[in-house]
Structures are given as C-alpha cells and as structure tokens.
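Contents: one structure, followed by commentary.
Remember, it's 1-based here, ligands and their atoms both numbered in the order they're listed. The first residue of the sequence shown is numbered 1, and numbering continues consecutively from there. If you're wondering where the values come from, they're calculated on a predicted model, not measured in any experiment.
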Amino acid sequence: MASPTTEDHSPHIGIDCINEETQQISEKDIVLEKGGEKDMAPLPGSSSIHRSSSRPQLDVSGAAIQGNFEEKDPTILLPNQSDDISHLALDIGGSLIKLVYFSRHADRQVDDRRKRKVKERLGVSNGSRRSYPILGGRLHFVKFETSKLNECLDFIYSKQLHCGGMDSRCWPSDAPQSENAVIKATGGGAYKFADLFKERLGVSIEKEDEMNCLVAGANFLLKAIRHEAFTHMEGHKEFVQIDHNDLFPYLLVNIGSGVSMIKVDGDGEFQRVSGTNVGGGTYWGLGKLLTKCKSFDELLELSQRGDNSTIDMLVGDIYGGMDYSKIGLSASTIASSFGKAISENKELEDYNPEDISLSLLRMISYNIGQIAYLNALRFGLKRIFFGGFFIRGHAYTMDTISFAVQFWSKGDAQAMFLRHEGFLGALGAFMSYEKHGLDDLMVHQLVERFPMGAPYIGGNVHGPPLGDLNEKISWMEKFVRKGTEITAPVPMAPPATTGLGGFEVPSSKGVLRPDASKLNVGVLHLVPSLEVFPLLADPRTYEPNTIDLSDHGELEYWFTVLSEHLSDLVDKAVASEGGTDDAKRRGDAFARAFSAHLARLMEEPAAYGKLGLANLLELREECLREFHFFDAYRTIKQRENEASLAVLPDLLLELDSMTEDMRLLALIEGVLAANIFDWGSRACVDLYHKGTIIEIYRMSRKKMQRPWRVDDFDAFKERMLGSGERKPQPHKRALLFVDNSGADIVLGMLPLARELLRRGTEVVLVANSLPALNDVTAMELPDIVAEAAKHCDILRGAAEAGGLLVDAMSNIQDGYKEDTPSVPLMVVENGCGSPCIDLRQVSSELAAAAKDADLVILEGMGRSLHTNYNAKFKCDALKLAMVKNQRLAQKLVKGNIYDCVCRYEPAS
Ligand SMILES: CC(C)(COP(=O)(O)O)[C@@H](O)C(=O)NCCC(=O)O
Ligand SMILES: [Mn+2]
C-alpha cells in the first residue's frame with residue numbers, strides 16, 4: 001500500500017460520522033485469512049477473480065501467477081495487496097466540513113492468452129485500456145461538523161488521506177510522501193484553518209474559489225450521475241432525466257450557512273446573481289437560541305412534530321378564518337411568520353419548541369424558494385437546482401421549497417434537488433486537481449455502491465473509522481445490539497448462527513433519522529471501461545427494469561421474497577466457505593447488513609436512486625461480496641456442471657438424429673426446460689428436493705408443449721430456416737447472454753450455440769464477470785466448453801478458433817486437427833455480477849463483440865424478464881426464459897409459474 005494502514009496511527013477518538021468504505025484495507029486481510037486455503041486458489045487459465053464490485057475494474061483475487069504464461073518469468077501479481085492512492089479535497093463551511101476523496105488501485109487487469117485471442121478476434125487492441133483518461137477508482141463522500149474539526153483531522157490522518165495530493169497539484173502523483181503535500185480546499189475554513197492543517201497534518205491548503213467549486217461540482221453531478229436530480233412534491237420524490245445537451249443555463253441555489261444563487265451557463269461559466277443571508281445558519285442559530293436544541297438534526301426533528309399555526313399569523317387569523325380568495329390566499333397561508341407572537345401575551349417558554357422549529361423552517365424555506373424563483377424569472381431560467389447541507393434530504397424542507405417555487409411561479413417552474421446536495425463545493429475542489437480526467441467521465445462509467453458504513457453510519461454511532469472487515473463485522477454486531485438507537489431501522493433477531501429469517505417492516509416510518517443516513521450518498525465507483533451496449537435501439541429511452549417498484553404492492557412483495565430467501569442464502573454462503581466460525585460470523589453480518597438495506601429501502605425506496613428489482617438483486621450480490629462471500633453457490637454449480645456434462649453426449653446424438661426443423665424446436669425447448677435450474681427461485685429450490693438433476697431436467701422437458709405462454713417460435717424458425725424454397729442467410733454473429741450453470745448452460749445453451757456454429761454463425765457466449773447465485777461466469781465457461789468439446793467436433797473446432805481451448809488443449813488427447821472449420825466460439829464477460837443486466841453499462845469486450853453481431857439471445861428470468869423484456873434492439877433478438885415465479889407469470893404474461901417465454905423480435 002502506498003499509504004500506511006490505520007492501525008499504527010494516532011489513537012482513535014470518537015467521531016460521529018464514519019462514512020467510509022473499507023474495501024481497500026480489508027482486501028489485504030483476505031490474504032492473511034485465506035493463506036492456507038487451497039480451494040480458493042485460481043485454476044490455471046480460469047483465474048478466479050474476486051473483485052470488489054460487480055464491475056470489472058478491480059482485481060482482488062488471491063495471489064497467483066497471472067498475465068503472460070509464455071514469458072519465461074511470468075509476473076506474480078499480488079492483487080490483494082492494494083496500492084491504493086488517495087486524493088482529498090475539502091469544503092470547510094461555517095457548520096460542516098465536507099470531504100471528497102478518491103482511492104484508486106493499480107490497473108491489474110488479467111490478460112491471459114485466451115483473453116488476448118478473443119480481443120484479437122474482436123478487434124480490441126491490447127493497449128486500449130491505456131487510452132482511458134483515468135484509471136478506475138472510487139470517490140468517497142464524508143462529512144464532519146466544523147465544531148469537530150479535530151475529529152476530521154484524525155480521520156484524515158488515520159486514513160493517510162493527506163499523503164496523496166502532492167505538491168504537483170496534479171494527478172496522479174507518484175511522488176513519495178513529502179512535506180510539500182497540498183490539499184485542495186474551499187469554503188471559509190480553508191482560510192481560517194489553514195495553519196491548523198499545516199500544524200496537525202503537515203499539509204498546505206490550496207484555496208479554491210467557492211463559487212467555482214460549487215458550479216464545477218454541480219455540473220459534474222448533473223452530467224455524470226444518472227439519478228442525481230429529483231423533484232420533491234407533497235412527499236413524492238421523482239428522479240429527473242437530465243438532458244446533457246440541454247442543461248444550461250440553470251440557477252444553482254446553494255443553501256449552506258448563507259445562500260448563494262448562481263446562474264450557470266456552462267462549465268466554468270457562471271455569475272453569482274443573488275443570495276440571501278437568511279439561510280441554514282439562520283435556522284440553526286435562531287433555532288438554537290429559541291429551542292435550546294443541541295444539534296441541527298435535533299432541531300429538524302422537532303419540526304417534524306410541530307404546528308406552526310400556534311405561532312405564525314395565518315391569513316385566516318386576519319380574515320376571521322376565511323380565505324382571501326380574491327388574491328388567491330387560503331386561510332391557512334402564512335401571512336406573517338412568527339406574527340402571532342406580537343399579539344399574544346406569551347413568553348418564549350410558553351411556545352412549544354416543536355412549533356418554533358417548524359415556523360422557523362417554513363419561514364426560511366419559503367423565503368429561499370421565493371427569492372430563487374424571482375431570480376430564475378429575472379434571467380429567464382427554466383431549471384432551479386437546490387443544493388447545500390441545509391436541505392439534508394429532509395422531505396419537509398424540500399416540499400416547502402418546492403411549494404414556494406410552484407406557488408410563486410404559478411406552476412411554471414419546478415424546484416429540483418440533488419442527492420449529493422452538500423458535497424458540491426468539495427467535489428468542485430476535487431475537480432480542481434489538474435489531470436484528474438473526471439471531466440470526460442460519462443454516466444455509464446460510474447457505478448454507485450452502498451456498502452455498509454456508507455449510508456448507515458450516522459450521527460449516533462461513535463467509534464473510529466472502520467479499518468478492516470473484522471471491524472466492520474464487529475460494527476454490524478454492535479449495530480444490532482444498539483437496536484433502536486441506530487440510524488437505520490434494523491430487523492431484530494437473536495444472534496443466531498446463520499441468517500435472520502424474516503424481515504420486519506421498519507418501525508421508524510415518518511421519523512427523521514440522523515442526517516448521514518438521509519444523505520443517501522454511496523461510494524462512486526469510476527469504471528472507465530464500461531460502455532453502453534451498442535445494439536440498443538435507443539439508449540436514451542432504454543429502461544432495464546420491467547417491473548415498476550414504485551408500485552407499493554410490488555415493492556412489498558419482492559422485499560418479502562428476498563427476505564424470506566435470506567436465511568437459505570446465508571446457509572449456502574457459509575457452507576461455500578467451509579462452514580467455519582469465521583464464515584458464520586460473516587454470514588450473520590451479511591444478513592444484518594442486507595436486512596438493513598431492505599429496511600432502509602422499504603422506508604424510502606428512492607433512497608439510493610431510482611429503485612428497480614435489478615438493483616435489489618445486485619445489491620444482494622454486492623453485499624455478499626462486501627462480507628467476502630465471493631461465490632456462494634460454487635459447490636452446487638460444480639455438481640450440476642458435472643452431472644450435465646455426463647449426459648451431454650447422449651443429448652447431442654439425439655439432436656443429430658433429427659431433421660433441421662425438429663432439431664431447432666428441440667433446441668429451444670431444451671433451453672427453456674433447462675432454465676428451471678435456478679437457485680434464486682424459491683419454488684425451484686423446493687423442486688430440487690424431489691429428484692436428481694437429470695430427473696428434473698427430463699420432467700421439465702416433457703412438459704415443454706407448445707404453444708408456450710409467449711410463443712414466437714414460428715417467426716424465429718422462419719428467420720433461421722426460411723419457408724419453402726427460400727433459404728435465408730445465416731446470422732453473422734450471435735451474442736448469447738447465458739444464465740445458469742449446470743443443465744442450463746450445458747444441456748440448453750451450448751447445444752443451441754453448436755447449432756448456430758454449424759450454420760456458420762459466429763457465437764459469443766456472454767457471461768457474468770462475477771458470480772451471482774448459480775449463474776455461470778465468464779471465468780468458468782471456457783473449462784465447461786472444453787469439457788463439452790471433448791464430445792463434439794463442432795464445439796471443439798469453434799472453441800479452438802475462438803481461443804477458448806488454449807489452456808485446456810493439453811487435456812484433449814484425441815486426433816483433433818488444425819484444419820477444423822474456423823467459425824469461432826468465444827466467451828466475453830458482460831461487466832456485471834448480478835442475475836440481471838443493465839445494458840447501459842457493459843464491459844468493453846462485450847461492446848466490441850456487439851459491433852458485428854446481428855442476433856442477440858437473452859436467456860433466463862433475470863436477463864430477459866426482470867430486465868430487458870421490453871428492450872428493443874437494432875438487430876434480431878430472441879428472449880428465452882422459464883417463468884419461475886407465480887406472481888411474475890401472472891403480471892407479465894398472464895400465465896402461471898413454469899410457463900415459458902420465447903419472444904422473437906426482428907431488428908427494429
Ligand atoms: C433471481 C432470479 C431472477 C434468477 O433467475 P434466472 O435469471 O436464473 O432465470 C429468479 O430466481 C428470481 O426472480 N427469484 C426470486 C423469486 C422467487 O423466489 O420466486
Ligand atoms: Mn440465473
């Protein structure tokens with residue numbers, strides 16, 4: 001590591017905000033923990049990569065010989081040993097210090113011979129990664145109260161964040177730690193506390209202009225993050241799709257201690273057009289004096305229970321309970337904030353602190369909303385974005401501002417808010433490092449993750465920054481013990497061995513939780529290699545999720561399904577790690593963490609951005625990885641692969657004895673039947689107790705009568721085989737998005753791939769980059785193909801041509817010759833580690849493979865029903881799945897569980 005770990009530094013003192021992701025440090029610990037575990041070592045040529053996120057930007061696999069096997073002295077990589085480099089920027093405001101820091105890892109992309117061969121075929125140059133403007137890494141967002149500056153300094157010191165930004169003021173710096181370290185900072189505190197930073201950390205503060213920073217931060221967020229801006233009206237939050245080509249001009253209203261209103265015309269083009277001294281500081285200051293509250297959040301919480309009509313003078317108070325309808329004022333409109341206090345003969349103590357807080361909040365929010373609107377009007381601006389920590393994701397504050405904007409504009413203008421509201425300045429200061437390359441970053445290259453420790457650790461929990469996985473687990477244990485004190489509502493359960501079983505609906509609905517958890521800000525993973533799938537007919541209108549979780553019934557149903565599946569999943573995960581005590585402890589921590597996410601999202605579904613089922617399923621996989629369960633179903637996958645490979649030769653013989661017509665039908669039936677092996681479906685898992693894999697497969701095949709619930713087979717057959725004399729051109733290249741291990745891939749998708757290859761169509765098997773349930777991964781596929789190829793000349797020739805047999809060739813003893821036809825069979829990773837796929841963010845390999853493809857086959861419930869069922873493609877598309885959930889069957893196809901979908905759509 002370039003920077004020392006936390007443990008050898010200054011004593012940790014309690015901090016009340018530990019918004020931190022611990023991955024880099026905990027990765028190192030895997031090596032220590034797993035030093036003796038042979039079964040974790042990657043197979044030669046199928047380097048099992050344990051990456052910290054679904055996206056393939058980081059390799060955190062165990063130490064292994066990787067890279068060029070032909071070289072005499074191959075490089076031994078120690079990918080767990082992170083050489084993380086951090087960069088830090090600060091916004092030191094009157095009330096809060098905001099930190100944005102970046103950690104990046106050295107580029108350790110596995111580049112074996114097979115992968116290179118595929119790249120050659122696909123025309124992806126090896127050097128292309130180098131042309132990315134930046135390397136992958138993560139942006140973290142943390143905040144402290146300015147009054148607790150010392151805790152902030154301890155945090156920076158303990159993580160050695162000040163050692164990354166070297167004197168060069170540019171990035172990335174390989175210079176050693178030096179006395180000349182410089183941190184970019186904005187806000188008044190950058191001036192006020194510069195000496196203290198020098199004294200405590202030995203770093204100089206380089207001051208950046210506050211307005212510049214606010215604008216740079218806002219522009220970055222609005223361009224780079226898909227679900228950043230949202231409206232908030234009467235409790236309803238809706239994300240706004242920002243058109244990057246139509247963003248400017250806009251009004252940025254930053255509500256910190258004071259308020260700035262900035263007209264933004266472009267990058268670096270702006271003018272501070274107005275402001276008001278009545279802002280967040282006013283609310284907090286006056287509120288403190290009037291209510292004796294100890295913190296801003298306490299004050300906000302009071303407002304939740306207040307009734308401002310006891311202290312505000314309303315129109316009705318003046319008009320004897322009547323509306324003043326002639327000028328459009330209802331009786332309940334505030335005529336004069338705090339106005340009632342004039343006429344009443346009361347002392348301060350006679351008023352409820354709750355009422356005072358609400359009155360104050362409404363007074364200030366309305367005032368800001370009104371001034372903002374008048375300025376928007378003054379400059380003819382359509383969009384108003386509100387940021388700054390005054391808002392704190394507080395529903396009532398946002399509703400109040402929205403109401404004011406709507407009221408004064410008579411509905412013409414709408415207030416929008418930003419999820420990273422408080423970090424605009426710090427982010428802007430961060431952007432001011434030269435050569436960070438973030439300017440060019442596109443929406444599809446950013447993935448936001450919500451590890452434990454990011455959204456949940458709020459104002460209540462005291463303790464040092466989480467250093468490693470062990471600390472994180474201990475924290476999770478405490479987290480449950482502390483029960484109701486904890487920020488996120490966590491389902492309670494006795495500290496059992498594995499799993500929590502049920503899932504309780506959060507009890508704190510409607511109660512304001514401390515602000516850190518309200519921030520809803522995760523860790524931003526920058527993945528420059530992600531691309532938009534080029535075959536999407538219209539990426540702008542593409543929506544991956546089929547089911548709308550904004551329907552509350554739907555949300556509740558899927559939350560219940562996931563929480564009911566949890567204990568079973570934990571058992572599998574723990575077993576996959578040998579059932580050790582450590583694994584059990586991690587299993588419990590995982591269950592707690594995932595339950596906490598579910599509870600959080602049940603309470604506020606849009607907390608992490610727009611929520612779809614795909615996000616939930618991916619969150620579960622991410623959460624497993626966070627607690628170092630890298631492949632929970634690996635034993636099951638192996639067992640099913642072996643059983644299926646054993647019967648493959650018979651299946652291939654049977655298929656080869658059929659006519660072309662019959663064979664195509666049998667192949668599609670085979671895919672649908674074998675899709676029953678899905679360990680994510682409760683109903684299917686129950687089935688597996690009733691027979692062997694082969695028995696279930698046979699039973700499933702027998703039930704495959706047409707017509708299927710969605711049955712476009714005839715149209716597909718016509719495209720493939722033609723009708724009458726007309727023989728259509730075979731497809732040039734097919735992308736097969738494969739799903740599960742075992743029968744699904746071996747007896748379903750591989751025979752279909754073989755048929756396409758036989759017809760002269762190149763086949764690219766597209767598989768997950770990382771494990772998810774029992775899905776087959778791109779790492780595992782070549783070995784499966786190699787096994788299958790032992791029984792089939794077509795597969796063997798194609799796999800050889802596609803560079804898949806490089807490592808397995810030595811296993812093939814019989815007389816295979818070089819002159820086999822060379823229609824290639826290739827494998828590419830899809831760029832994700834989820835049972836679903838969002839085609840806006842796929843691997844560059846897949847994007848390259850897509851360039852020459854004219855057929856896309858999406859298989860399985862996750863990839864073709866939960867997501868992409870309605871996706872339209874530029875080329876022919878076939879969606880194949882068995883519906884293994886009764887509710888989905890009813891909802892989507894008006895059918896029943898185990899119905900099948902064969903949806904064919906010619907190029908649009
Ligand atoms: C997670 C899955 C999408 C995986 O399905 P697959 O893509 O393997 O066909 C599916 O198992 C699922 O939706 N499961 C949850 C619903 C249930 O248990 O019925
Ligand atoms: Mn699957």
How far apart are the C-alpha atoms of L865 and N885, what are their side-chain angles, what is the distance that settles it, and do they pass the side chain to side chain contact (heavy atoms under 4.5 Å, CB included) test? CA-CA 11 Å; L865 302 183; N885 175 278; over 6 Å; no
Could you go through the salt bridge (Lys or Arg N to Asp or Glu O under 4.0 Å) check for R600 and E604 one step at a time? CA-CA 6 Å; R600 173 81 186 90; E604 194 190 339; 3.2 Å; yes
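When each of E626, H525, E618 is tested with R449 by the rule side-chain hydrogen bond (donor to acceptor under 3.5 Å, both in side chains), just one qualifies, namely E618. None of F559, F590, Y608 except one satisfies the ring pair (Phe, Tyr, Trp, His ring centres under 6.0 Å) rule with H597; the exception is Y608.
Between S681 and D678, the side chains place no donor N or O within less than 3.5 Å of an acceptor N or O (distance only, hydrogens not considered). Q886 and N896 are linked by a side-chain donor-acceptor pair at a separation below 3.5 angstrom, with hydrogens and angles left out of the test.
In this structure the side chain of I837 never reaches within 4.5 angstrom of the side chain of F533, judged on heavy atoms.
W708 and F713 have perpendicular rings, their planes meeting at more than 60° on a 0 to 90° scale where under 30° would count as parallel. Below 30°, between 30° and 60°, or above 60°: for W679 and Y688 the angle between ring planes is between 30° and 60°, a tilted geometry.
Listing protein N, O or S atoms at distances below 2.8 Å from the Mn ion (ligand 2), with waters left out, gives D739 OD1, N740 OD1, D775 OD1.
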Provide, line by line, the atom pairs where ligand 1 and the protein bring an N/O atom each to a distance under 3.5 Å; else say none.
residue	atom	partner	partner atom	Å
ligand 1	5 (O)	D678	OD2	3.0
ligand 1	7 (O)	D739	OD2	3.1
ligand 1	7 (O)	M861	N	3.3
ligand 1	7 (O)	G862	N	2.7
ligand 1	8 (O)	D739	OD1	3.1
ligand 1	8 (O)	D739	OD2	2.8
ligand 1	8 (O)	N740	OD1	2.9
ligand 1	8 (O)	N740	ND2	3.1
ligand 1	9 (O)	D739	OD2	3.0
ligand 1	9 (O)	M861	N	2.8
ligand 1	9 (O)	K884	NZ	2.5
ligand 1	11 (O)	D678	OD1	3.0
ligand 1	11 (O)	D678	OD2	2.6
ligand 1	11 (O)	G680	O	3.3
ligand 1	11 (O)	S681	N	3.3
ligand 1	13 (O)	H866	NE2	2.7
ligand 1	14 (N)	G680	O	2.9
ligand 1	18 (O)	G680	O	3.3
ligand 1	18 (O)	R682	N	2.9
ligand 1	19 (O)	N885	ND2	2.8

